[in-house]
Amino acid sequence: MWTRWGSRAGALRLARAVHQHAPAPSAPLQALRAGFSARDLEQVWDAWHALRSQGALHLLKRHDEADLLALVRANLAVLSPRMSGEALQFPLKDTRDPAWRERCWQWGLRAAERTDILGVQGWMRVELLCGDAHRAIALFHAYLDARRRASDGDTLYLDADFRRRRQVHDLLVLLVLCYAHVNDLRGMVDVFQSFEVGTHTELFFDYAHCRRQYTKFPWTGPSRESAALRAVQDRALEWVSHAELARGLQGGTGGVGGQNRIARLLGSILTRGDIVSFWRLFHAAMQAGVLPCDTPWLAQVQLARDELPAWTDSCWTVCLSGLLAARRTDLASQVWAALIEVQQAMAANGHTWPPLAVWNALLDGYSRANDYAAVQATWHVLTNPRASTRDVPLAQSVARTLPRPASLAPDLLCYTTMIAASFRRQRADTALELFRTLQGLQAEGKLRISVETYNAVVHGLCVVGRMGDAQKLFHTMGTGPVPPPTITTLNVLLRAQARVRNMAAMADTLRRIPALNLRPDVITFTTVLDALLRAADTPERAGAAVQQVMQIMDSMDVQPNSVTFTAMIKACLHIPSQEGEPRLQVAFQLLHTMCTTRLAPNLVTYSTIIPGILEHRTQLAALAHQGKIPPLFTKLPANIKSASAERDLALDKDTAGLRLAIVFWEQMRAASITPSSELYHAMLRVLLADPHNPTAFSYGARLADEVLHAHGRLSPEASTHEATVPVPGPQSWSAVLAPLVAAQKRSEGLRAGAQSLLQSVLAHWHASPYGQAAMQLDTRPGSQHVLRLVRDANAHTATGSEEP
């Protein structure tokens, strides 16, 4: 039963009684909005304070909160006289009246309590502009506390709503600036480890956007520039990399993140080909405590065993292997020098280091770079006690030498890597001899051969075309001391069978998977898709194959990844002419799916699509006119788009391929992916082949400037990307000179712009250390060809005519 005040009628009477004795909140709300119109800050504060006293702040609309922030920002020069425009002195001092300082603080807290991310960012900017970076940081902490109270679990995922990722990004960029202002690196690191944000195998911060945010901050202006201001901006840009490393790498609210989280992040960056971002993070890690520093925050597992490690041996191996595979020996040498410095500190503390995994990284990196001579030299150091560690090619440009531990000898992992490298070099006898050595050591009880080693041998035998021997070894797996096969073993066989189009053998291998109680993974389905696409004789059958396999994957809860899509794109594009037309339409559909989902294209994807469309560029115009190429791939970027570019790169038979190649190149640049030298060469051979297309030729000149490290001597529009490109070798010079010389011979003279470019290339050849080195090292592959091109270019340039 309801009591007097518990009945519905009684409750209504009580509500009316309370309402009659309380001032109506509509009056202060109207006064607040009138204050906005009159731009009267005092009236606005009085009305806001009245609303808060009545507990009626919930009546404010989103536009009211925005108007309040905008009014304060417009009156900062009144609230803080220091904002009037004089030169800035750092650290800044808050010159606001104490009353207004407190009012701004209350307004900022209100935004934090509401978890209004844009409002918090705005009020943090107000505090920072007024000179109180500490209060700006405190507002962020208030926002974090409010988010934690609102979250369901223990872990705070700051960008749980993916649609707000850019807002979260900008808020954290501002937070880094605040900490840079107060010069508190450790404090910044601690706060970034108190929540989860982003994906730990992908970069979170957009460095170019950060630079724009910092250089355009309202502090700046002609009368306000100062060395102290630039120092704060530079410190903030540097600390962005520290924040990138710190975000959750040592745990965060989600607990321990794993010892190799940095290694996974660095590895993914190298896989994408983003050398610049990788090198920025590597330097940050060295400054954060891997090498001696003033403010160490990044624990290293060997030197601080009582702390949660963040920089592990896996980080060293990822850096060395990845850089060597990318043919960046110059950077890998600097990593080696840093490793030697750490080794000396380790030795002083009585530790034996580095482990054999570091040496295995050298074997793996050189092998992936197809530098078998360097692989053999490294193996010689590992197996010959009298060899010096300076015999490793990487160490020859480093001043100090890594001491050789007495126990240095190859382990099972090193043997496995060497076996794979030998097979890759088509040296099957060497690889099998190493495998027999391992079998002998296993018979003596000194080690146990793992399934990974057997998989490497099976794969190697397939690579050298000895499928029968691979099948025999596979059938021994699971008997006696031989470990049973894994899904990786089956995938190796499937790839080899797909390579020779043996569909019957693939079907037999697929039938073995359930019999062995194994589960297909994404690589299994990727291999099957690749084979089906290559076997499909029409685009319709190719599309049906994709749909069918994707449905099977979905039913088995196997998610496709970037490798899956890249393999499918490659299968669609690279089809021998005698086997039918390329499946261009399917390739574009697959790439469009990647670009519009979180499966971002990587370096391998672009290294597949760009040469593919250049190879089949004459077929693209018809697809474009039929509307079968997504507009995302045909729309010229803003920095290229112009009336002349639209004319020169029209979607016709001769220029559609050039247009798409340039669009993809710009997309790759926007994603901070560093193109490989081979990809540069493919573009240069096509762009420089026709001097009568000004836009394509000019773009080719820019790429030539980058790949030859000419620093603007070849193109007035040259960028600073040459810092990310390996030093030019004979292949790079050939890629630039060959199309120019061919065009020169073909037309008996070049247009003025092309003639000028050729002369500039020759001048750079004779003046630069790269050209001189190429002339001296004429025994390197391709050097003789380049020297002939230089002689032909010199001869024709001296006598060639110029067209108007």
Side-chain angles (χ1 to χ4, degrees), residues 32-33 35-37 39-42 44-45 47-49 51-52 57-80 82-83 92 94-97 99-147 150 158-159 161 163-182 191 195 197 205-206 209-210 212-221 232-233 236:
L32 179 80
R33 291 171 178 168
F36 290 152
S37 300
R39 307 188 69 80
D40 188 336
L41 267 176
E42 288 287 355
V44 166
W45 166 254
W48 190 89
H49 181 67
L51 285 169
R52 184 178 62 173
L57 286 176
H58 63 277
L59 296 176
L60 294 178
K61 304 298 184 182
R62 183 178 301 176
H63 67 83
D64 294 320
E65 304 283 358
D67 288 346
L68 173 59
L69 177 59
L71 183 60
V72 172
R73 284 289 305 273
N75 285 274
L76 279 185
V78 176
L79 300 180
S80 180
R82 183 195 52 74
M83 292 294 298
L92 300 178
D94 193 345
T95 57
R96 284 176 295 181
D97 179 89
W100 278 111
R101 183 170 182 266
E102 181 61 23
R103 293 170 183 177
C104 291
W105 171 248
Q106 294 299 326
W107 285 328
L109 279 181
R110 168 66 181 169
E113 291 167 358
R114 294 172 53 248
T115 65
D116 176 6
I117 188 170
L118 293 178
V120 170
Q121 181 181 350
W123 289 108
M124 285 177 64
R125 287 171 67 90
V126 167
E127 295 294 337
L128 191 56
L129 286 168
C130 291
D132 199 337
H134 288 287
R135 277 212 167 180
I137 294 171
L139 280 179
F140 179 82
H141 281 281
Y143 171 74
L144 280 187
D145 292 341
R147 285 288 302 270
L158 208 59
D159 59 342
D161 184 353
R163 295 169 298 178
R164 289 198 165 190
R165 182 168 184 175
R166 174 55 70 178
Q167 297 174 3
V168 173
H169 175 277
D170 291 347
L171 179 65
L172 296 182
V173 169
L174 178 61
L175 181 67
V176 172
L177 181 61
C178 294
Y179 275 105
H181 181 273
V182 300
V191 73
F195 54 81
V197 65
F205 288 102
D206 180 344
H209 182 68
C210 294
R212 289 192 296 270
Q213 291 287 90
Y214 295 153
T215 55
K216 293 182 180 180
F217 199 76
W219 282 335
T220 58
V232 171
Q233 294 170 342

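The figures here come from the full heavy-atom set of this structure, side chains too, leaving out hydrogens, waters and symmetry mates. Position 1 is the first residue of the sequence, and the numbers go up from there. Note that the structure is predicted; figures quoted are calculated from it, not measured.
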| said: Would Arg96 pass as a cation-pi partner of Trp100, given that its NZ or CZ must be under 6.0 Å from the six-membered ring centre and within 45 degrees of the axis? | reply: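 Ring-cation test returns no.
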Of all heavy-atom pairs between [X] and [Y], which one has the smallest distance, and what is that distance?
X      : Y      : answer
Ile137 : Tyr179 : CG2-OH, 3.3 Å
Trp123 : Cys104 : CE3-O, 4.0 Å
Ala133 : Leu128 : CB-CD1, 3.6 Å

Let me confirm one number: the [atom1]-[atom2] distance from [X] to [Y], rounded to the nearest 0.5 Å.
X      : Y      : atom1 : atom2 : result
Glu127 : Phe140 : CD    : CZ    : 15.5 Å
Leu79  : Cys130 : CG    : SG    : 6.5 Å
Leu41  : Asn75  : CG    : CG    : 4.5 Å
Leu139 : Leu175 : CG    : CG    : 11.0 Å

Within-4.5 Å side-chain heavy-atom neighbours: [X] and [Y]:
X      : Y      : value
Glu102 : Gln106 : yes
Arg135 : Met124 : no
Leu68  : Leu32  : no
Leu177 : Val232 : yes
Leu158 : Leu172 : yes
Asp170 : Val168 : no
Phe217 : Leu174 : yes
Val120 : Arg114 : no

| message | With a 6.0 Å cut-off (strictly less than), is the heavy-atom count around CZ of Arg62, excluding the residue itself, greater than 12? | response |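 12 or below, so no.
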| task | Apply salt bridge (Lys or Arg N to Asp or Glu O under 4.0 Å) to Asp145 and list each qualifying residue two or more places apart in sequence or on a separate chain. | result |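 Salt bridge (Lys or Arg N to Asp or Glu O under 4.0 Å) list for Asp145, sorted by chain: Arg148.
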| task | Enumerate the residue pairs fulfilling salt bridge (charged side-chain N to carboxylate O under 4.0 Å, His left out) with a member in residues 171-182, sequence neighbours excluded, ordered by first and then second residue. | result | none
| field | Partner residues of Asp67 under the side-chain hydrogen bond (donor to acceptor under 3.5 Å, both in side chains) criterion, sequence neighbours left out | value |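 Testing Asp67 for side-chain hydrogen bond (donor to acceptor under 3.5 Å, both in side chains), a comparison that skips the adjacent residues, returns none.
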| Residue list, side-chain hydrogen bond (donor to acceptor under 3.5 Å, both in side chains) with Gln121, at least two apart or on another chain |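 Result, side-chain hydrogen bond (donor to acceptor under 3.5 Å, both in side chains) vs Gln121: none returned.
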| message | Checking the side chain of Arg147 only, and the main-chain atoms of Ala112 only, is there a donor and an acceptor separated by less than 3.5 Å? | response |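 Looks like no, no N/O pair under 3.5 Å.
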| Arg101/Asp132 ion pair, N-O < 4.0 Å |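 Looking at Arg101 and Asp132, the cut-off is met.
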| request: Kindly write out the residues that satisfy ring pair (Phe, Tyr, Trp, His ring centres under 6.0 Å) with His209, not counting sequence neighbours, or none if the list is empty. | output: His169
| task | Mind checking ring pair (Phe, Tyr, Trp, His ring centres under 6.0 Å) for Trp45 and listing every partner two or more places apart, or none if nothing turns up? | result | Trp48, His49, Trp107
